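Working notes, structure below.
What you are looking at is a predicted structure, and each value in this text was computed from that prediction instead of being measured. Lettering of chains follows the sequences in order, A, B, ..., and the numbering in each one begins at 1.
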Amino acid sequence: MRRESSPALATRAAAICRALAGAYPDAHCELDYKTPLELLIATILSAQCTDKRVNIVTMELFRVCKTAADFDALPIEQLEELVKTTGFFRAKAKNIKACCTALVARHGGEVPRTMDELTQLAGVGRKTANVVLGNAYEMNVGVVVDTHVSRLSQRLGLSKATTPEKIETDLMGLIACEQWALFSHWLIWHGRRRCKARKPECSECELAMLCPSANNAPKKKRA
DNA sequence: ATCCCGAGGG
DNA sequence: CCCTCTGGAT
């Protein structure tokens with residue numbers, strides 16, 4: 001397959017955005033939150049866990065703790081018990097506690113608004129930081145690249161990179177920055193509903209005409 | 001069995 | 001760079 005010219009790729013990316021906007025007009029963050037701290041904790045909890053369960057646990061957590069100082073003061077055993085059903089509970093509890101300790105010690109109990117400060121927090125990588133910045137703070141700092149965004153970006157030919165960092169850079173060059181947060185939600189929604197890891201439903205896919213990986217293979221060979 | 005919006009450590 | 005952490009949902 002010949003390499004797509006860069007203007008052609010940008011045009012196709014824009015068309016993909018339009019198709020996604022049409023298919024998922026209400027795409028949004030499916031983690032429930034009312035404050036940046038709630039979203040930060042919810043996102044830390046979301047690794048290898050369904051949003052539905054994260055939302056239940058986040059609600060319970062914030063019934064017990066309201067502020068970063070409250071989490072900082074909560075015994076680790078109690079935190080582990082509270083987050084147990086989200087999986088990786090020891091690591092998540094430890095990270096949440098260390099994270100909140102740092103929020104209190106260095107940020108006046110507030111969730112910081114920069115990539116550097118966020119990624120220095122325990123349990124917070126670029127992906128989590130981008131979720132908080134893009135959704136709770138509505139800042140276009142980067143593109144959330146999770147497992148869905150990686151997979152779909154590759155299938156759609158928007159990036160050939162394999163690391164999340166490189167994929168993010170590629171996407172930032174292709175998508176208008178006002179759409180970065182929305183774009184992630186579109187791909188995540190589409191990745192969950194249609195372009196699944198195992199059995200992508202290409203025959204039903206709204207993006208098939210725009211996707212180099214679509215199973216466009218003619219069902220029947222023409223005579 | 002296989003999947004779910006990762007991050008840290010060796 | 002790969003390995004590990006971990007439980008619920010389907």
| task | Please find out if less than 6.0 Å separates the ring center of A/Tyr33 from that of A/Phe62. | result | no
| request: Answer whether the closest heavy-atom distance between the side chains of A/Thr43 and A/Val54 falls below 4.5 Å. | output: no
| If you look at every strand shown and take non-hydrogen atoms under 4.0 Å, does A/Lys52 touch a base, only sugar-phosphate, or nothing? | nothing
| When you check the phosphate oxygens OP1 and OP2 of B/dG6, does a side-chain N or O of A/Gln48 lie under 4.0 Å from one of them? | yes
| remark: The residue, A/Ile188 or A/Ala122, whose nearest nucleotide of DNA chain B is more 5′ is A/Ile188
| remark: What one should report as the nearest heavy-atom pair of A/Glu168 and A/Asn130 is OE2-ND2, 2.9 Å
| query | How close or far is atom P of C/dT10 from atom NZ of A/Lys199, stated in whole angstroms? | reply | 17 Å
| message | Can you measure A/Asp51 atom CG to C/dG7 atom P for me and round it to whole angstrom units? | response | 20 Å
| N/O (side chain, A/Thr86) to phosphate O (OP1/OP2, C/dT6) under 4.0 Å | no
Please tabulate, one pair per line, each protein N/O and nucleotide N/O from nucleotides 1-3 of chain C that are separated by under 3.5 Å, including the distance.
none

| message | Need to verify one output field. Residue with the more 5' nearest nucleotide on DNA chain B, A/Thr119 or A/Arg151? | response | A/Arg151
| query | Can a salt bridge be assigned to the pair A/Arg126 and A/Glu165 using a cut-off of 4.0 Å between side-chain N and carboxylate O? | reply | no
| query | Rounded to whole angstroms, how far apart are CG on A/Asn95 and P on C/dT6? | reply | 11 Å
| query | Hey, is the main chain of A/Ala69 close enough, under 3.5 Å, to the side chain of A/Asp72 for a donor-acceptor pair? | reply | no
| request: Among the candidates B/dG6, C/dG8, B/dT2, find the nucleotide nearest to the side-chain atoms of A/Arg53. | output: C/dG8
| What distance, rounded to whole Å, do you find between the two P atoms, one in C/dT6 and one in B/dG10? | 14 Å
| query | Are A/Phe88 and B/dG6 stacked, counting the six-membered base ring, centres under 5.5 Å, planes under 30°? | reply | yes
| message | What verdict does the ring-ring contact (aromatic ring centres under 6.0 Å, His included) test give for A/His28 and A/Trp189, after you've listed the backbone C-alpha separation in whole Å, the side-chain angles of each residue and the deciding distance to 0.1 Å? | response | CA-CA 9 Å; A/His28 62 274; A/Trp189 280 44; 5.3 Å; yes
| query | Choosing from C/dT6, B/dT2, B/dC4, which nucleotide comes nearest the side chain of A/Phe89? | reply | C/dT6
| A/Arg90 CZ to B/dG9 C1': how many Å, rounded? | 16 Å
| said: What is the distance, to the nearest angstrom, from the CD1 atom on A/Ile96 to the C1' atom on B/dA7? | reply: 13 Å
| said: Once you apply a heavy-atom cut-off of 4.0 Å, does A/Ser184 come out as touching a base, just sugar-phosphate, or nothing? | reply: nothing
| said: Is there a path of hydrophobic side-chain contacts, each under 4.5 Å between heavy atoms of I/L/V/M/F/W/Y residues, joining A/Leu210 to A/Leu156? | reply: yes
| message | Closest approach to the side chain of A/Lys127, judged atom by atom: which nucleotide of B/dA7, B/dT2, B/dC4 is it? | response | B/dA7
| task | Just call it for A/Val124: base, sugar-phosphate, or nothing, with non-hydrogen atoms closer than 4.0 Å on any strand. | result | sugar-phosphate
| d(CG, A/Asp146; P, B/dC3) in whole Å | 15 Å
| When A/Leu118 is tested against each of A/Leu121, A/Thr114, A/Asp116 for side-chain contact (heavy atoms from CB on, under 4.5 Å), which residue passes? | A/Leu121
| task | Nearest whole angstrom, please: distance from the C1' of B/dC4 to the NZ of A/Lys196. | result | 13 Å
| message | Rounded to whole Å, please give me the gap between CZ in A/Arg198 and C1' in B/dC4. | response | 13 Å
